[in-house]
Amino acid sequence: MNWLETLRTAADAVRSHRLRSLLTMLGIVIGISSVVLTVGLGLGAQDKVRSQIDALGSNLLIVSPGSSTGSSGVRGGFGSASSLTLADADAIADSTVAPDVAQVAPTTSSSSALAAGTTNWTSRIVGTTTTWPQVRARTLTSGRFFTAAELATGANVVVLGPDTASQLFSRGNPVGQTITADGTTLTVIGVLAESGATSTTSSEDDLAVVPITTAQRLSGATSTALASLYVEARSAGSLSAAYQEVNAALLTAHDVTSSSPDFSIATQDALLSTANSTNKTMTILLAGIAAISLLVGGIGVMNIMLVSVTERVREIGLRKALGATPSAIRRQFLIEASLLGVSGGVIGAVIGVVGAVILPSVINQPVSISAPAILAALGVALGLGVGFGVYPASRAARLTPIDALRSE
Amino acid sequence: MSTVLSAAPVRTIIDLAAVRKTYATGAIAVEALRGIDVRIAEGEYVAIIGPSGSGKSTLMHILGCLDVPTEGRYELAGRDVSDLAEAELAHIRNREIGFVFQQFNLLPDLTALRNVALPLVYAGVGTAEREQRALRALDRVGLSERAQHRPGELSGGQQQRVAVARALVTEPSMILADEPTGNLDSVASADVLALFRELHDAGRTVVLITHENDIAAQAERVITILDGEIRSSTSKSGDVRSGDLT
Ligand SMILES: Nc1ncnc2c1ncn2[C@@H]1O[C@H](COP(=O)(O)OP(=O)(O)OP(=O)(O)O)[C@@H](O)[C@H]1O
Ligand SMILES: [Mg+2]
């Protein structure tokens, strides 16, 4: 009896007990679809974090006020005065102090009510310097960024984020129009392109960028407390050198020791791995649940196959009486079990893929469809069918023909 | 011109010596067969007759390698079956023996055609040839127009004839039929018996189990079995032999 024939016999058996076969597969269907979905969610979250962090700019170091060493949390920073100043930015930008630093963009950040005509919108006002677009890898869809002259004089100009622009000016080109921020009238000179990060990072697209001098005037602050300092290294290879230089320069400037810094420096990689480690824990947890449901599914297949062997003892006896060898019987039941496993796997994969397509619009989380994960899941389903089919199949093969024939 | 009158040596195909079969059901042991000695030559047509419970089916199951004797020796075509592996026995059942079971034993999910073709599946015959041969076998028992019916849609007699067709389909050298006419009217019964006669004439060994004398009379030799023992073995030629001498 060849394999194709055995497959046909097995398919007939699966088909003639349609409901039971479906119920048998259920565990595997649930297991495989949840594997496909959890892996998809995990990868989707990873992709999202990567694109968010990439959207910050390339070869980037982010210096924040306050220390985040150890478990003591953030020190300094938002207390009396921010630990980062424009002087720090100037120090780092000095090519003799930090030769591996290409550019520095200091930023301030504050929330402010903006108005264009009768339209109001609260947004984040970012004060910075002319290097900001390059360091943060941002481009403009229309207009221009502010110039060094405008920075020096603290001109009343503003570059709007795409979301801010569409909120304030629902139609028409905002460039050349004016808005008011905290009673000061600002002329819109440009609109930023979208940051490239996914929709949930609206803060990267909902902002109003002004010269840092203008920002100081708007907020009425006397000191220049920076929210963060974006530092672009010359290349990916010089990122760690730049890190050392910036760290050393700031330690000297602030006159603190490396054991108790009042600032912290993050790299994109560090941000990425922090974000991913949280994701990974979630993914592992979910995958563990999926694995357990696969195991339960496999046991379900074994259970039903054992029932099926008991129920079909007469059939087995007859087949043996007509010339089926023990190995032909074993093969028949093994293939039947594998067929249940694979069918369950295919149904599960289809449900998983459909879920991966539908889910993002429901939970607002990207879910990626990973071909290797689907193939692996199908392999696991086949393995479950074979693995849990071995015992029932060998029991069927061992039956003696006459005992099997005579049983009722 | 000389005529060589040497008759072809008659080969013994079935040789049972002191075969006993004991069923141990709980506390009571049932002795279904108590020392059967029987020889059947290749091409012989033998009827085994006896009352209900005398051990006829038990004997046939042993003859067909479906069951093994508790004691004694069974040689099939010169080979002791207790020496044969399960796979070899399966091969013998498939190629050499055609069974007609007392309870038909048809698979309810398969059509008559596929039931008949089942032994050919295990003989490795391709689909097209299988169907063709199964259809021919059904035709021989007059059931070709019922080929696509399932056993549940057939009468008892029709099911019995499907079982006969299944025994014929592999063209086995030996037919073992357990009450093959039990559910048939006299016309259908005569048809099946004519079929066995045809097979016998073609050189096949036929062992027919029955409890009716006029059906047993069709055979060349009638073996009477009573309480698991052979009472007599009567050949058509007339000589009566005591069973334990054969
Ligand atoms: N599996 C079994 N377990 C216990 N006893 C059995 C078993 N099979 C048969 N027997 C007993 O063995 C004896 C012979 O049974 P067998 O089926 O061979 O009779 P039979 O001659 O074919 O009868 P019938 O004409 O009714 O078919 C009976 O007494 C029966 O009860
Ligand atoms: Mg019987």
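So you know, we letter chains A, B, ... as the sequences are listed, proteins then strands, and number each from 1.
For chain A, the option among H91(B), R166(B), E88(B) with the highest count of heavy-atom pairs below 4.5 Å is R166(B). Chosen from A321(A), S16(A), S327(A), the residue pairing most often with chain B at heavy-atom distances under 4.5 Å is A321(A). Note on T325(A), L318(A), I402(A): by heavy-atom pairs under 4.5 Å with chain B, the leading option is I402(A).
Taking every heavy atom of both residues into account, R93(B) and K320(A) meet most closely at NE-O, 2.9 Å. Here the shortest heavy-atom pairing between G323(A) and Y122(B) reads O-CB, 3.7 Å. Annotation for A324(A) and A90(B): closest pair O-CB, 3.6 Å, computed over non-hydrogen atoms.
A 6.0 Å sphere centred on CZ of R79(B) holds no more than 12 heavy atoms belonging to other residues, nucleotides or ligands.
If you take CG on L66(B) and CG on D403(A), they are separated by 10.5 Å, rounding to the nearest 0.5 Å. Distance check: L118(B) CG to T9(A) OG1 gives 8.0 Å after rounding to the nearest 0.5 Å.
Heavy atoms of R114(B) lying under 4.5 Å from chain A belong exclusively to its side chain. Residue T400(A): no heavy atom, backbone or side chain, is found under 4.5 Å from chain B. With a 4.5 Å cut-off on non-hydrogen atoms, R8(A) touches chain B through its side chain but not through its backbone. Using a 4.5 Å cut-off between heavy atoms, D12(A) touches chain B through its side chain atoms alone. Contact of T127(B) with chain A is made through the side chain alone, with heavy-atom distances under 4.5 Å.
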(request) Determine, step by step, whether L107(B) and R319(A) satisfy the side-chain contact (heavy atoms from CB on, under 4.5 Å) criterion, reporting the C-alpha distance in whole Å, the side-chain angles of both residues, the deciding distance to 0.1 Å, and the verdict. (result) CA-CA 9 Å; L107(B) 292 183; R319(A) 287 180 183 275; 3.7 Å; yes

(message) If you apply the rule salt bridge (Lys or Arg N to Asp or Glu O under 4.0 Å), what do you find for D109(B) with R312(A), and how did you get there?
(response) CA-CA 12 Å; D109(B) 289 338; R312(A) 282 150 69 192; over 6 Å; no

